[in-house]
Amino acid sequence: MASSTAANLWVLLGLGIAGVLLAAKRLRRPARPDNGAFIARLELLPPPQPPPPQARHPLTGLCFAIADAFHVTGYITSFGSLEWAKTHDAATQTSLVVSSLVDGGAMCVGKTVIDEMAFSIHGENKHFGTPTNPAAPDRVPGGCSSGSAVAVAAGIVDFSLGIDTIGGVRVPGSYCGVLAFRPSHAVVPNNGVIPVAPSLDAIGWFARDPSVLRRVGHLLLRLPYADIRQPRHFYIADDCFEMSKVHARRLTQVVTKSVEKLFGRQVLGHVNLENYLASRIPSLRNNSNGHGDSKFSSLLALSRAMQFLHKHEFKDQHMEWINSVKPSVDACIVGNLSDDGESTINNSQDARKEVRAALGALLKDDGILVIPTVLGCPPKLNARELSSQDYNVQTSCLTSLASMSGCCQVTVPLGTHDKCPVSVSLIARHGGDRFLLDTIQTIYATIQEQVDALAKSNVSSKQAMSEEAAEAAKEKGNIAFKEKQWQKAINFYTEAIKLNNKVATYYSNRAAAFLELASYRQAEADCTSAIDIDPKIVKAYLRRGTAREMLGYYKEAVDDFSHALVLEPMNKTAGVAINRLKKLFP
C-alpha cells in the first residue's frame, strides 16, 4: 500500500513538473535561427567582375534576400502558403528584378516569409511562423514582407526585396526600424513576381544604410548618372500627424530641425491633407456613400477605395485557385472577398488618377510630403487590435496615399518610443524616385543626429524632473520632521531617494527620523549610504556615531565623532560625545 502511494506521488510530481515545463515553454518564445525570417536558403552568385578598365559591378560585396513572392528557377514559390506550394510547380525562370540584382554584383542568399498570399500588413503567418522582430521581439514585424524586413533589421543581409500593395514594405520597415522604399507604381518591372492587386502592387526594398538603398534603387530603376537635386519644399501633413498615437512633436521635430539645418527654414511648409484632397478628388465622395459618415473624410474614403481595389483585384487573380483547391485560408482573407458593385470599383479607379494628379500638383518636381508611416508603435503579438476594423482602416488611411497615387515613398526610422521603433515617411510625386532617393541620402545622417540629440534631451529633461520632484519630497519630509511626524518624514525621504538616489542629504535626513523612532540599525545604514556618496557630510558622521553608541559599538562611535571633529574642529556635538564616551569607557 505504501509503495503504491509513493508511486502515485511520483506520478503526480512528474505531471506537475511536466506542466511547469510546458507552461514555461509557452511563455518563453524559443529562439529561432535567423529570427525565423527565411523559409529557404539558397545561393545565387553574381558573375565574375569585368576586366579593367571597366568598372566593377555596382552592388559588389552586397548580399540580399527576397520575399517568397519572387520566382527563382528550380524553387517553388509558396506565396506564404503551404497549400499554395503543394499545388504549384517549381519556377522555370527567375524574376527579372532578382536576376538584375545578381547581375549587378549582389548575392541572393534566401527566400523570406510573407503573410499568407501577401494579403495582410501584420506580418503573422500560420504556415511558416511569424518572424521575430529584432527591434521589438514581443511585437509584430509588420507585413506582408515581414521576413525581408527582419532579415535586414537583424543584420543578416545588406538589403532585401518585398512586395508592397497596401503597405507591405513600408509598414514592416517602420515596425522593424529600417529604411523601406516603395517606388513609383510600375517603374520597376514585376515579371516573375506573383501579383496581389496589379494596380496597387509595387516591388520595394529594405536597407539599413541609405547609400545601399540608393545603389539598389539606381540599378532597379536603371537611372543614369545625374547631379543631386535639392528639395525646395517640405510639406508637413499636420492632420496626419494628429492621427498618430506617438506625440506629433516627437516625430516632426526631428524632421523640421534636420530640414532647417540642411536646406533652411524657408523650405518648410504645412498642409492639411484632408482638406486639400477633399476639394480635388470628387470620386472619393461617391465611395463614402452608405457608410454612415456624419462628416466626409477624404483620407478615410481614399482608404476604402484602396481596400475595394485590393480585394477586387485579388479576387481576379486568385479566386479561381481558392475555389478549386478550397484551402484553409486565413479568415482575414476570406472575410474580405465579398462582392462590391461595379460602380464602386470604377470610382476607386477614378480616385487613383485624381489623387495622383492632386499630389503631383502639390509636390511638383521638387517637393516632399512628410507623414507618419503608421499609427504608432507596432502592436503586440496576437493583440486584439490586429483584427480591429478601426486599426486597419486608420493604418490604411496613411498607406493609401502612395498606394493609390502611385507616388514613391520612403520609410525613415526615427529611433524609439516606449522601446519600440517609430518612423516618418517622405513622399515624392510619381516618377520622382531618383529625387527621393537622393534626398534621403542627403538628409539621413542629419536626421539620425537629431534623433540622438532628442533622445539625450529627453533623458536630461526626465532627470531634471526627477531631481525637482525629489527636492519637493525632501522639503515635505523636513516639514513632517519639524512637526515630529517621524514616520511621515521617513516616507517622504524614501520617496526622494527613489526619485534621486545620488543625494547624501536624503539618506542623512531619513537617518535622523529613524533615530527618533529608535530604529538604530536603519539609521546606521542610511548614514553609511550618505557617507559613501559624500565623505564630507558631517551630520551623517554625527548621526551614525549616535546610532552606533546606542547599539553598543562604542569604539566605532568614537571614530565617527572624531571624524566629524576633523571635518568641523569647532563642532560642539562631536566634542561633547567624545568626552562622554571616553569617561564611560576610558
Side-chain angles (χ1 to χ4, degrees), residues 31-49 56-80 85 90-115 118 123 125 127-135 141-164 168-169 172-173 176-181 188 191-194 203-220:
R32 293 182 293 165
D34 300 337
N35 290 73
F38 289 84
I39 66 162
R41 285 289 202 163
L42 52 89
E43 278 192 357
L44 300 181
L45 300 176
Q49 296 291 341
R56 290 165 62 84
H57 298 311
L59 303 182
T60 296
L62 300 180
C63 66
F64 71 103
I66 57 175
D68 196 32
F70 293 79
H71 293 317
V72 173
T73 302
Y75 289 84
I76 295 175
T77 307
S78 68
F79 201 33
T92 57
Q93 191 170 1
T94 297
S95 166
L96 180 59
V97 289
V98 176
S99 298
S100 298
L101 292 169
V102 173
D103 289 342
M107 179 174 69
C108 181
V109 298
K111 303 187 83 172
T112 57
V113 176
I114 61 173
D115 288 36
N125 187 298
H127 298 279
F128 300 101
T130 300
T132 302
N133 185 340
C144 67
S145 307
S146 54
S148 289
V150 166
V152 170
I156 301 168
V157 294
D158 299 300
F159 69 94
S160 60
L161 294 183
I163 185 166
D164 189 310
V169 167
C176 293
V178 295
L179 289 161
F181 192 85
V188 176
N191 309 61
V193 183
I194 299 176
I203 293 170
W205 54 97
F206 304 91
R208 297 181 303 279
D209 185 334
S211 65
V212 172
L213 193 83
R214 183 168 177 260
R215 285 165 65 188
V216 172
H218 275 238
L219 187 144
L220 292 180

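For reference, positions follow the sequence shown, starting with 1.
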Checklist entry - Where do I39 and S78 come nearest, in terms of heavy atoms and distance? => result CD1-OG, 3.5 Å

Checklist entry - Which heavy atom of V157 sits nearest a heavy atom of F38, and at what distance? => result CG1-CZ, 4.4 Å

Checklist outcome for this item: Rounded to the nearest 0.5 angstrom, the CG-CD1 distance for N191 and I203 is 8.0 Å

Checklist entry - Are side-chain heavy atoms of C108 and I66 found at a separation under 4.5 Å? => result yes

Checklist outcome for this item: Closest non-hydrogen contact found for G168 with F206 is O-CZ, 4.4 Å

Checklist entry - Which residue pairs satisfy the salt bridge (Lys or Arg N to Asp or Glu O under 4.0 Å) criterion with at least one member in residues 60-71, sequence neighbours excluded? => result D68-K111

Checklist outcome for this item: Scanning both residues in full, the closest heavy-atom pair of R208 with L179 reads O-CD1, 3.9 Å

Checklist entry - Quick one: side-chain hydrogen bond (donor to acceptor under 3.5 Å, both in side chains) partners of S100, sequence neighbours excluded? => result none

Next on the checklist: What I'd like to find out is whether the side chain of S160 reaches to under 4.5 Å of the side chain of T112, using heavy atoms alone.
Outcome noted: no

Checklist entry - Quick one: does S145's side chain get under 4.5 Å of V169's, heavy atoms only? => result yes

Checklist entry - For F181, does its backbone N or O pair with a side-chain atom of W205 as donor and acceptor, under 3.5 Å? => result no

Next on the checklist: Given 3.5 Å as the limit, does a donor-acceptor pair link the side chain of D209 with the main chain of S211, or not?
Outcome noted: yes

Checklist entry - With sequence neighbours left out, what residues match Q93 under side chain to side chain contact (heavy atoms under 4.5 Å, CB included)? => result none

Item to check | Minimum side-chain heavy-atom gap V102-F64 below 4.5 Å | outcome: yes

Next on the checklist: Looking only at the side chains, is there a donor atom on one of S99 and T94 sitting less than 3.5 Å from an acceptor on the other?
Outcome noted: no

Checklist entry - Where is the tightest heavy-atom contact between C63 and I156, given as atom of each residue plus distance? => result SG-O, 4.0 Å

Checklist entry - Heavy-atom distance under 4.5 Å between the side chains of D103 and H57, does that happen here? => result no

Checklist outcome for this item: When rounded to the nearest 0.5 Å, the distance separating CE of M107 from CG of L59 is 13.0 Å

Checklist entry - Between atom NE2 of H127 and atom CD1 of I114, what is the distance when rounded to the nearest 0.5 Å? => result 10.5 Å

Checklist entry - Between CG of N125 and OG of S146, what distance do you get to the nearest 0.5 Å? => result 7.0 Å

Checklist outcome for this item: On a heavy-atom basis, the closest approach of A149 and G173 is CB-N, 4.4 Å

Item to check | Distance, nearest 0.5 Å, that separates OG1 of T130 from CG of D115 | outcome: 8.0 Å

Item to check | R56 CZ: over 12 foreign heavy atoms closer than 6.0 Å | outcome: no

Checklist entry - Do L161 and L101 touch side chain to side chain, with heavy atoms closer than 4.5 Å? => result yes

Checklist entry - Under 4.5 Å between any side-chain heavy atoms of P141 and C176, yes or no? => result yes

